[in-house]
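Reviewing the structure listed below.
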There are 2 protein chains.
Amino acid sequence: MKPLSIGQVADRGGIGVETVRFYERQGLIEEPPRSKSGYREYPEIIVSRIRFIRRAKELGFTLKEIKELLSLRLDPATTCADMKSRAETKIADIEARIRSLRKMKDSLVKLTAACNDRVTANECPILEALDQEP
Amino acid sequence: MKPLSIGQVADRGGIGVETVRFYERQGLIEEPPRSKSGYREYPEIIVSRIRFIRRAKELGFTLKEIKELLSLRLDPATTCADMKSRAETKIADIEARIRSLRKMKDSLVKLTAACNDRVTANECPILEALDQEP
DNA sequence: CTACACCCTGTACCATACTACAGAGTCAAG
DNA sequence: CTTGACTCTGTAGTATGGTACAGGGTGTAG
């Protein structure tokens with residue numbers, strides 16, 4: 001089991017070398033031991049750690065939240081219920097963002113529909129709407 | 001029609017004084033004339049300009065996009081169809097973001113459902129999923 | 001032995017949309 | 001005339017998630 005260089009870790013994790021160092025600075029991955037010349041020497045396990053980070057990012061977690069998830073994972077007192085609760089909070093969060101985006105979309109759809117009604121007129125309903133009183 | 005001070009403009013527009021200056025630096029509002037002591041003196045119309053910015057932001061446009069909308073508005077060659085096309089691009093954009101969020105949500109919902117199935121087990125399906133191979 | 005890829009630290013930079021000063025000048029009320 | 005609120009410029013900081021050097025040292029293949 002030879003230790004991995006930072007470049008090998010980056011490749012296997014599907015991220016950049018700079019990003020690995022960035023995650024280290026952010027406390028998402030711990031500082032690995034160094035070779036006598038100062039090179040970082042990673043155990044294989046770090047790759048799954050990076051995969052964890054990537055998957056969690058895909059699920060909408062921020063790096064700050066992922067840091068918490070990672071420390072939860074290491075804590076033997078963490079229960080499945082703890083993780084579930086985090087996931088549920090994030091679900092609520094995502095739902096709120098979806099609702100907000102849907103509101104934007106609905107307004108825009110209404111405005112473009114109004115455009116269709118008066119293709120010939122010079123005044124544009126979109127510009128008019130944007131000038132409305134609060 | 002007395003000119004408005006930057007503070008009055010900020011109050012009426014519902015934004016901060018620093019933000020008014022920031023918008024000026026960003027080219028979203030033009031530089032107003034100055035009093036003999038160097039104070040900015042705004043015409044009333046600037047307030048609707050700021051309202052325009054605020055409403056467009058609420059619709060999901062970035063400041064950069066809003067800057068374009070504002071210059072389109074001033075250009076007499078701009079047609080309602082131009083505005084409609086911008087709005088449609090933004091709608092597509094918002095829909096993509098909604099789809100992406102929904103994907104995240106679905107994955108999280110599945111994971112929390114898996115949690116329910118094995119409340120007694122020690123291993124957590126969420127942590128397991130995050131450790132999966134790419 | 002030389003070339004070239006890789007690694008090191010530290011710092012600065014990208015976009016986004018502000019926000020917060022410092023240090024100075026101005027305006028209006030009492 | 002003083003006091004306090006307001007304004008000025010310019011710069012720097014906030015959060016987010018990286019990316020890009022510069023200017024060195026290291027490791028290995030031919």
Side-chain angles (χ1 to χ4, degrees), chain A residues 2-29 31-42 46 49-70 90 93-94 97 100-101 104, chain B residues 2-29 31-42 46 49-70 90 93-94 97 100-101 104:
Chain A
K2 275 182 190 154
L4 302 174
S5 73
I6 192 170
Q8 290 170 323
V9 166
D11 282 351
R12 299 192 194 187
I15 63 177
V17 165
E18 308 275 8
T19 307
V20 177
R21 285 195 280 253
F22 172 72
Y23 286 166
E24 185 182 305
R25 280 200 302 283
Q26 298 305 114
L28 286 156
I29 54 187
E31 296 187 33
R34 300 298 184 107
S35 73
K36 64 184 185 303
S37 56
Y39 284 22
R40 287 170 179 82
E41 296 189 319
Y42 293 97
I46 197 74
R49 187 86 171 238
I50 285 170
R51 247 183 339 239
F52 183 103
I53 294 169
R54 231 188 42 211
R55 313 262 309 155
K57 257 163 50 69
E58 283 165 14
L59 290 173
F61 290 95
T62 65
L63 293 189
K64 197 177 160 194
E65 288 163 342
I66 294 169
K67 193 175 165 184
E68 283 174 23
L69 293 181
L70 284 163
K90 182 51 66 179
D93 193 78
I94 290 171
R97 276 152 73 195
S100 160
L101 286 171
M104 290 179 192
Chain B
K2 274 180 192 158
L4 301 173
S5 72
I6 193 170
Q8 291 171 322
V9 166
D11 282 352
R12 299 192 195 187
I15 62 178
V17 166
E18 307 276 8
T19 307
V20 177
R21 285 196 279 251
F22 172 72
Y23 285 166
E24 185 181 306
R25 278 200 304 282
Q26 298 306 113
L28 286 156
I29 54 187
E31 296 187 33
R34 302 297 185 109
S35 74
K36 65 183 183 305
S37 56
Y39 283 23
R40 287 169 180 82
E41 295 189 320
Y42 293 98
I46 198 72
R49 187 87 172 235
I50 286 169
R51 249 185 337 241
F52 183 104
I53 296 169
R54 232 186 45 212
R55 313 259 313 152
K57 257 163 55 67
E58 283 165 16
L59 289 175
F61 289 94
T62 66
L63 293 190
K64 198 178 159 196
E65 288 163 340
I66 294 169
K67 193 175 164 185
E68 283 174 21
L69 294 181
L70 285 163
K90 181 53 66 179
D93 193 78
I94 290 171
R97 276 150 75 195
S100 159
L101 286 171
M104 289 178 193

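The sequence lines fix the lettering, A, B, ..., with proteins before strands; numbering per chain opens at 1.
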Please evaluate the base of C:dC6 for a donor-acceptor partner in the side chain of A:Gln8 within a cut-off of under 3.5 Å?
no

Establish, with yes or no, whether the OP1 or OP2 oxygen of D:dT26 is under 4.0 angstrom from a side-chain nitrogen or oxygen of A:Arg34.
no

Protein-nucleotide distance (B:Asp93, atom CG; C:dT16, atom P), rounded to Å
12 Å

Using the side-chain heavy atoms of A:Tyr39, tell me which of these nucleotides is nearest: C:dT26, D:dT26, D:dG18.
D:dT26

Counting only distance, no hydrogens or angles, is the base of D:dG17 paired donor-acceptor with the side chain of A:Tyr23 under 3.5 Å?
no

Interatomic distance, B:Lys64 NZ vs C:dC14 C1' [rounded to whole Å]:
12 Å

Between atom NZ in A:Lys36 and atom C1' in C:dC8, what is the gap in whole Å?
15 Å

Give a yes or no on whether the backbone of A:Glu65 and the side-chain of A:Thr62 come within a donor-acceptor separation of less than 3.5 Å.
yes

Taking A:Gly27's backbone N and O only, do any of them form a donor-acceptor pair with A:Lys67's side chain (distance below 3.5 Å, no angle check)?
no

When the distance from CD of A:Gln26 to P of D:dG18 is rounded to whole Å, what number comes out?
9 Å

Touch class at under 4.0 angstrom, heavy-atom based, for A:Thr62 against every strand present:
sugar-phosphate

Separation of atom CZ in B:Arg97 from atom C1' in C:dT16, rounded to whole Å:
12 Å

Do the side-chain N or O atoms of B:Lys57 get closer than 4.0 angstrom to the phosphate oxygens (OP1, OP2) of C:dC18?
yes

Can you tell me how far P of D:dG13 sits from CD of B:Glu18, to the nearest Å?
16 Å

For C:dC27, does OP1 or OP2 lie under 4.0 Å from any side-chain N or O of B:Ser37?
yes

Side-chain N or O of B:Arg40 closer than 4.0 Å to phosphate OP1/OP2 of D:dT7
no

Closest nucleotide of DNA chain D for B:Arg25 versus for B:Val17: which of these residues is on the 5' side?
B:Val17

How many whole angstroms separate atom CZ of A:Arg21 from atom P of C:dT9?
7 Å

Heavy atoms only, 4.0 Å cut-off, all strands: where does A:Ser5 land among base, sugar-phosphate and nothing?
sugar-phosphate

When rounded to whole Å, the OH to C1' distance for the pair B:Tyr42 and D:dT7 reads 11 Å

